[in-house]
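The structure under discussion appears below in the form of structure tokens.
What you are looking at is a predicted structure, and each value in this text was computed from that prediction instead of being measured.
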Protein chains: 2
Amino acid sequence: MPRATLELVAARAGVSRQTVSNVLNSPQLVAAETAERVRAAIEELDYRPHLAARQLRTRRSHVLGLRVPPVVDGINGAVLDRFLHAVTEQAQERGYRILLYAAPDVDEVEIAQYDELLETADLDGFVLNNIRLGDTRTSWLTERGVPFVTFGRPWGAQGAHPWVDVDGAAGVRLATEHLLGLGHRRIALLGWPQDDVVGTDRRRGWVDAMTAAGWTEDQLLGMQTLQRDGVEVGVSATHRLLADVGPTAIVAVSDSLALGASVALRAVADPPAVIGFDDTPVAAAVDLSSVAQPLVEAAEHAVSLLLSRLDGDGTHLVEQHRLLTPHLVVRGSSRPPAR
Amino acid sequence: MPRATLELVAARAGVSRQTVSNVLNSPQLVAAETAERVRAAIEELDYRPHLAARQLRTRRSHVLGLRVPPVVDGINGAVLDRFLHAVTEQAQERGYRILLYAAPDVDEVEIAQYDELLETADLDGFVLNNIRLGDTRTSWLTERGVPFVTFGRPWGAQGAHPWVDVDGAAGVRLATEHLLGLGHRRIALLGWPQDDVVGTDRRRGWVDAMTAAGWTEDQLLGMQTLQRDGVEVGVSATHRLLADVGPTAIVAVSDSLALGASVALRAVADPPAVIGFDDTPVAAAVDLSSVAQPLVEAAEHAVSLLLSRLDGDGTHLVEQHRLLTPHLVVRGSSRPPAR
DNA sequence: GGCGAGGGTTTGATCGTTCCAAGGACTGGC
DNA sequence: GCCAGTCCTTGGAACGATCAAACCCTCGCC
């Protein structure tokens, strides 16, 4: 059976090409009766529009670009994994598809990819997921008027654009308050270095909850370690905390660090409670409490923001964004303090 | 600056459209000198062909379809994650891109997606990654002559098609021999149910290594548990093995099961050695030895097989396939037997 | 009764590429 | 000096959709 085209459908319904096209794209222009007849013809011939032809004319591909980042540690990769799935599903439901592209962690290379994809494939927009302070990718895209959303806030004062993010401070505050509620007082933090904006944000949740519980900022400075991410780092940092601080509970800004803590605590009698961040499979596997990001929700909003810009009625509210609140998944590592 | 087109480049180089097209697609048809001139013009105008236009004419999109499966357990998701990245990178290097589609675990729904993608987007081929015994998707694709590769063997006698897979039996044999080499004799297996072909294959590696070491098949039947995947299952099954078999080492057919074993063994003095399968981030995190699948290599071959069919010179060797051997990643859980 | 308005439909051109059949230049042989 | 053959180039048509403008009614109004 040959491919059904607009022409064929038109002939079958006894109308012109354009009318068939209108039935699909601008139904309000077509008389109800005619539309009905056309729809029947479409059905009979199992007609589906050829996207490349449409794209050639309209310069719209109905495809969104998404980067698959180089696999690094693997633990946090799981986060992206779920986000990826949710984004794909959301986009699909709304008539868009997701095209992957690989790029190393170098802005210029990634920008070259944008250029290529826009020029040759007419991508309609991008979803970025690991923006940094002073990111040159976002400004490049903004300058060119390319629609995009980021999963992650633009931390600097760089131009505004739509974004979705999860409130890290709120998440860590939740975790800390949960531990306070269990009766813990001396709660230490495994944080990231100060130049990391995400880590600094998450740390704030701990600071807020702890100061509300009576600690002073000065005291807290002595109850934390700020180091880069990693299981090994978590192990050594925890040993230090045990020696210097003697905490009854530890809050970590990542599951990697929290896992390191669990490992370090294995040999300890009456081990402190531990809570991680991201609710990765690893956390579930080792019975570690963790702060869970609402990734499906994040993906929904990301796609919504992007498509409202794309399909919107011109009133594109450029500065839209959404900050989501994570929730705490309580597991075995949420022990009450030893008496 | 307006978009550069073939026409524009042709004018600039003082030749016709077709000649420019030939320079790009059939260079052997064009005189060297002319080609040089054309290439210069392309360079100057920063010309890049518009894929939709090409696609409209040739019915080839240079895009491959890849499914993002529903996120289930998360531990094994990490495997797909790395595969995904590798496939994207490989495809990109060879001038193809990866388009994602989401589908639930229902063949008919997925097939409907194929139909849609082929008809509306001219996808050139598919990469499938979770084929089952008696899969209807592969036969549908085969019937229609749609190029595809699977990551995973077609276990049944169903029609042959290109595939790439990792030799699970070899992997488990490697693990078992490693343990034998450490001095273990009584090595138990945490397996999957018999109706699972992958699990059965992996089990065979254990059987082979163990019989070579002097055990009889009958004896081995008493040294295994065959259950579905999961951390919880691993915990309870391990308790049973400890009571009934008293092994000095345990080989598991997945990291989930192996992790369950590690958890169950935490309270045990002189715990048995444990080895998992898949080398997921979880394994690395808890210092668990594990069999690693060569995913990058698998992706390379998958893309190669698919593209040789697509770009090949007609001599498409339909029944190509590749079985890769995994390697063992030795970590702390590879303890020698307690004396 | 003629004229303008406007809803509904048709017509022809167009997007950028490749296919096709035919045209032109150059070489070598007689 | 002509012709065949080779090699390269050329212009027109086609892919399947949308855009823009023209067209044809019917209706209401003066």
- Query: With respect to the phosphate group of D/dC19, does any side-chain polar atom (N or O) of A/Thr58 fall under 4.0 Å of OP1 or OP2?
  - Reply: no
- Query: Just to confirm, is there a sub-4.0 Å distance from OP1 or OP2 of D/dT18 to any side-chain nitrogen or oxygen of A/Ser21?
  - Reply: yes
- Item | Nearest-0.5 Å distance, CG of residue A/Leu84 to CG of residue A/Asn129 | 9.0 Å
- Heavy atoms, side chains only, cut-off 4.5 Å: are A/Leu123 and A/Tyr101 in contact? no
- Query: Is B/Asp105 close to B/Pro69 at the side-chain level, that is, under 4.5 Å between some pair of heavy atoms?
  - Reply: no
- Item | Sugar-phosphate only, base, or nothing, as touched by B/Ser16 at under 4.0 Å among non-hydrogen atoms | base
- A/Arg57 atom CZ is separated from D/dA17 atom P, nearest whole Å, by 14 Å
- Contact class for B/Arg17 vs. all strands (heavy atom < 4.0 Å): base, sugar-phosphate, or nothing? base
- Query: Between the side chains of B/Thr5 and B/Arg17, is a donor N or O closer than 3.5 angstrom to an acceptor N or O?
  - Reply: no
- Item | B/Thr34 side chain near D/dC8 phosphate (N/O to OP1/OP2, under 4.0 Å) | no
- Between the side-chain atoms of B/Gln18 and the base atoms of C/dC19, is any donor-acceptor pair under 3.5 Å? yes
- Task: Let me know the distance between CG of B/Leu56 and C1' of C/dT18, rounded to the nearest Å.
- Result: 10 Å
- Task: Give a yes/no answer on whether the side chain of B/Asn22 brings an N or O atom under 4.0 Å of OP1 or OP2 in D/dC8.
- Result: no
- Upstream residue (5' side of DNA chain D) when B/Val30 and B/Ala53 are each assigned their closest nucleotide: B/Val30
- Would you sort out whether B/Arg144 and B/Asp115 count as a salt bridge (charged side-chain N to carboxylate O under 4.0 Å, His left out), showing the intermediate values? CA-CA 10 Å; B/Arg144 257 144 260 249; B/Asp115 198 28; 5.3 Å; no
- Task: May I ask you to say what B/Thr5 touches in the nucleic acid, namely base, sugar-phosphate or nothing, with a heavy-atom cut-off under 4.0 Å?
- Result: sugar-phosphate
- Item | Rounded interatomic separation in angstrom, taking CG from A/Leu29 and P from D/dC23 | 20 Å
- Query: What is the distance from CZ of B/Arg54 to C1' of D/dA14, rounded to the nearest Å?
  - Reply: 17 Å
- Task: Round to a whole Å and report the spacing from NE2 of B/His62 to C1' of C/dT18.
- Result: 12 Å
- Task: Please report, rounded to the nearest Å, how far the P atom of D/dA17 is from the CG atom of B/Leu51.
- Result: 19 Å
- In whole angstrom, give the distance that lies between atom NE2 of B/His50 and atom C1' of C/dT18. 15 Å
- Message: From CG of A/Leu8 over to P of D/dA14, roughly how many Å is that when rounded to an integer?
- Response: 16 Å
